[in-house]
Colleague: 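To start, I am sharing the structure in question, which I have written as structure tokens.
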Amino acid sequence: MNNQKTSEIPPQQMSLNTRFKFRCHKGVKCFTDCCRGIDIMLTPYDILTMRRKLDLTSEEFLAVFTEPRILEKADMPVVTLKLLDDERNSCPFVEDKDGCVIYEDRPTTCRYYPIGVGALSYSGEQGDKDEFFFTVKEAHCLGFEEDKEWTVAEWRQDQGIDLRDAVNEGWMDLMVRKKSLPASMKLSEESKKIFFMVCYNIDKFRDFVFNSSFLKRYDIPEDRVAEIREDDVKLLQFGFEWLKATLFYAGQENFQAKKS
């Protein structure tokens, strides 16, 4: 979470087995303070679940609840949550008394808090990551004074992070691949538009796959076509694979041209 408030990030690197104390609930005086003045990047899976919760198309959700940005270091398009234009720059889904009104479908960044995650290195292949974790201690947060103790792994499981990270892994791989390239190697504006469509506008990407010449050009197995036709998550992950093959020339064997 990129928080606009002053945060104290201890220099300690944490592993999945590192223990820490934290609990957030309605009884703490700072309840919902962390939902104001924030900068939350939404993942592709966040958008899938949030727009489904709100019964919106991806176009509608993007128009009402997000702002497009360019991730500076990667020069890649991302979306952030659009905050309310009130005195506290509040999240549109937070209420003072009851907290998050979409709690079961809240973004991944909110689930991680107060844990941050980083990477020491990148090998170029998924599944071979060198991650570390750290706590983000903000001056206003009283959750660290609670007695509930967790390991980082227990916190991730309790907050439903593991599933989301698994779905978003292909997206993160694309981001890291782009960051690892020399700054002079930039994507074209058309490539950025395609990246945005695949990652954030699942309805438009579905239309692109099934109502254009896409499936006539690529030799995709019939069972895979049936799978992505019925399952948004599978379609999203299929899109990540296609972007990796198209933009970074990796995994191209999965997208062979049909023989005429």
Side-chain angles (χ1 to χ4, degrees), residues 40-69 71 76-82 91-93 100-112 126-127 156-157 159-178 191-248 250-251 254-255:
I40 296 181
M41 185 189 302
L42 298 177
T43 71
Y45 189 58
D46 290 339
I47 294 174
L48 282 190
T49 58
M50 293 169 75
R51 67 113 181 184
R52 187 183 302 129
K53 172 72 173 180
L54 300 169
D55 195 23
L56 297 174
T57 66
S58 50
E59 290 272 8
E60 291 168 336
F61 181 84
L62 289 168
V64 175
F65 292 107
T66 74
E67 293 181 326
R69 302 274 184 88
L71 190 62
M76 297 283 270
V78 296
V79 294
T80 58
L81 185 66
K82 185 185 296 183
C91 168
F93 304 113
C100 182
V101 298
I102 60 164
Y103 186 78
E104 294 301 320
D105 297 282
R106 67 198 184 279
T108 305
T109 295
C110 303
R111 294 167 185 268
Y112 259 105
Q126 288 177 230
R156 286 169 53 92
Q157 182 177 15
Q159 297 296 304
I161 293 169
D162 290 338
L163 168 63
R164 288 171 173 265
D165 279 0
V167 174
N168 286 316
E169 188 171 13
W171 173 69
M172 288 300 300
D173 179 61
L174 292 168
M175 290 292 195
V176 177
R177 282 177 185 275
K178 179 60 176 67
S191 293
K192 290 179 183 179
K193 288 179 182 179
I194 292 173
F195 177 89
F196 186 95
M197 173 187 68
V198 173
C199 295
Y200 309 120
N201 194 334
I202 195 69
D203 295 331
K204 191 172 182 178
F205 180 52
R206 183 186 298 105
D207 184 66
F208 174 75
V209 171
F210 293 105
N211 296 316
S212 74
S213 62
F214 186 94
L215 293 177
K216 296 177 181 178
R217 290 184 285 122
Y218 295 109
D219 188 16
I220 308 297
E222 290 185 8
D223 58 343
R224 187 81 191 274
V225 173
E227 180 182 67
I228 64 176
R229 189 186 297 275
E230 300 298 327
D231 190 323
D232 280 353
V233 172
K234 296 296 185 182
L235 177 60
L236 183 65
Q237 293 176 313
F238 173 82
F240 297 155
E241 292 177 26
W242 179 65
L243 286 174
K244 184 168 71 170
T246 303
L247 302 180
F248 301 105
N254 298 319
F255 296 92

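Numbers here are sequence positions counted from 1.
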Colleague: Within a strict 4.5 Å, meaning less than it, do heavy atoms of the K82 and F65 side chains meet?
Modeller: no
Colleague: Please indicate whether E60 has more than 12 foreign heavy atoms, meaning atoms of other residues, nucleotides or ligands, lying under 6.0 Å from its CD.
Modeller: yes
Colleague: Is there a side-chain contact between L243 and C199 (heavy atoms, below 4.5 Å)?
Modeller: yes
Colleague: Who are the side-chain hydrogen bond (donor to acceptor under 3.5 Å, both in side chains) partners of R217, not counting sequence neighbours?
Modeller: S213
Colleague: How about M175: does its CE atom have over 12 heavy atoms from other parts shown lying under 6.0 Å from it?
Modeller: yes
Colleague: When you look at R52 and D232, which way does the side-chain contact (heavy atoms from CB on, under 4.5 Å) test go after all the steps?
Modeller: CA-CA 11 Å; R52 187 183 302 129; D232 280 353; 4.3 Å; yes
Colleague: Determine, stepwise, if the pair K178 / L71 fulfils side-chain contact (heavy atoms from CB on, under 4.5 Å).
Modeller: CA-CA 11 Å; K178 179 60 176 67; L71 190 62; over 6 Å; no
Colleague: List the residues meeting salt bridge (charged side-chain N to carboxylate O under 4.0 Å, His left out) with R224, not counting sequence neighbours, and say none if there are none.
Modeller: E227, E241
Colleague: Could you tell me how the ring of Y218 sits relative to the ring of F214: parallel (under 30°), tilted (30 to 60°) or perpendicular (over 60°)?
Modeller: tilted
Colleague: Between L235 and F205, is the side-chain contact (heavy atoms from CB on, under 4.5 Å) condition met? List the steps.
Modeller: CA-CA 9 Å; L235 177 60; F205 180 52; 3.7 Å; yes
Colleague: With R69, which residues qualify under salt bridge (charged side-chain N to carboxylate O under 4.0 Å, His left out), at least two apart?
Modeller: D39, E67
Colleague: Listed by chain and number, what are the side-chain hydrogen bond (donor to acceptor under 3.5 Å, both in side chains) partners of D162, not counting sequence neighbours?
Modeller: R156
Colleague: Tell me, please, which residues at least two apart from T49 pass side-chain hydrogen bond (donor to acceptor under 3.5 Å, both in side chains).
Modeller: R164
Colleague: I'd like to know whether F195 forms a side-chain contact (heavy atoms from CB on, under 4.5 Å) with W171, so could you lay out the CA-CA distance, the side-chain angles of the two residues, the decisive distance to 0.1 Å, and finally the verdict.
Modeller: CA-CA 10 Å; F195 177 89; W171 173 69; 3.9 Å; yes
Colleague: Are the side chains of I202 and I47 in contact, using a 4.5 Å heavy-atom criterion?
Modeller: no
Colleague: Taking Q159's backbone N and O only, do any of them form a donor-acceptor pair with R111's side chain (distance below 3.5 Å, no angle check)?
Modeller: yes
Colleague: Checking V101 now: which residues fulfil side-chain contact (heavy atoms from CB on, under 4.5 Å) with it, not counting sequence neighbours?
Modeller: F93, E95
Colleague: Go through the structure and list residues passing side-chain contact (heavy atoms from CB on, under 4.5 Å) with E59, not counting sequence neighbours.
Modeller: T57, N201, K204
Colleague: When the ring centroid of Y200 is compared with that of F61, is the distance short of 6.0 Å?
Modeller: no
Colleague: Checking K192 now: which residues fulfil side-chain contact (heavy atoms from CB on, under 4.5 Å) with it, not counting sequence neighbours?
Modeller: D75, P77, L187, E189
Colleague: Please name the pair of heavy atoms, one in L62 and one in T66, separated by the smallest distance, quoted to 0.1 Å.
Modeller: O-OG1, 2.6 Å
Colleague: Could you work out, with side-chain hydrogen bond (donor to acceptor under 3.5 Å, both in side chains) as the rule, every residue matching Q237, not counting sequence neighbours?
Modeller: none
Colleague: In chain order, what residues pass the ring pair (Phe, Tyr, Trp, His ring centres under 6.0 Å) check against F248, with sequence neighbours excluded?
Modeller: none
Colleague: How would you list, by chain and number, every residue that makes a salt bridge (charged side-chain N to carboxylate O under 4.0 Å, His left out) with D203, sequence neighbours excluded?
Modeller: R51, R206
Colleague: Is the shortest side-chain heavy-atom distance between N168 and P44 below 4.5 Å?
Modeller: yes
Colleague: Heavy-atom distance under 4.5 Å between the side chains of F208 and I194, does that happen here?
Modeller: no
Colleague: Could you pull out the closest heavy-atom pair between D165 and T108, with the gap in Å?
Modeller: OD1-CG2, 4.1 Å
Colleague: Which residues pass the side-chain contact (heavy atoms from CB on, under 4.5 Å) test with L215, not counting sequence neighbours?
Modeller: V209, F210, I220, V225
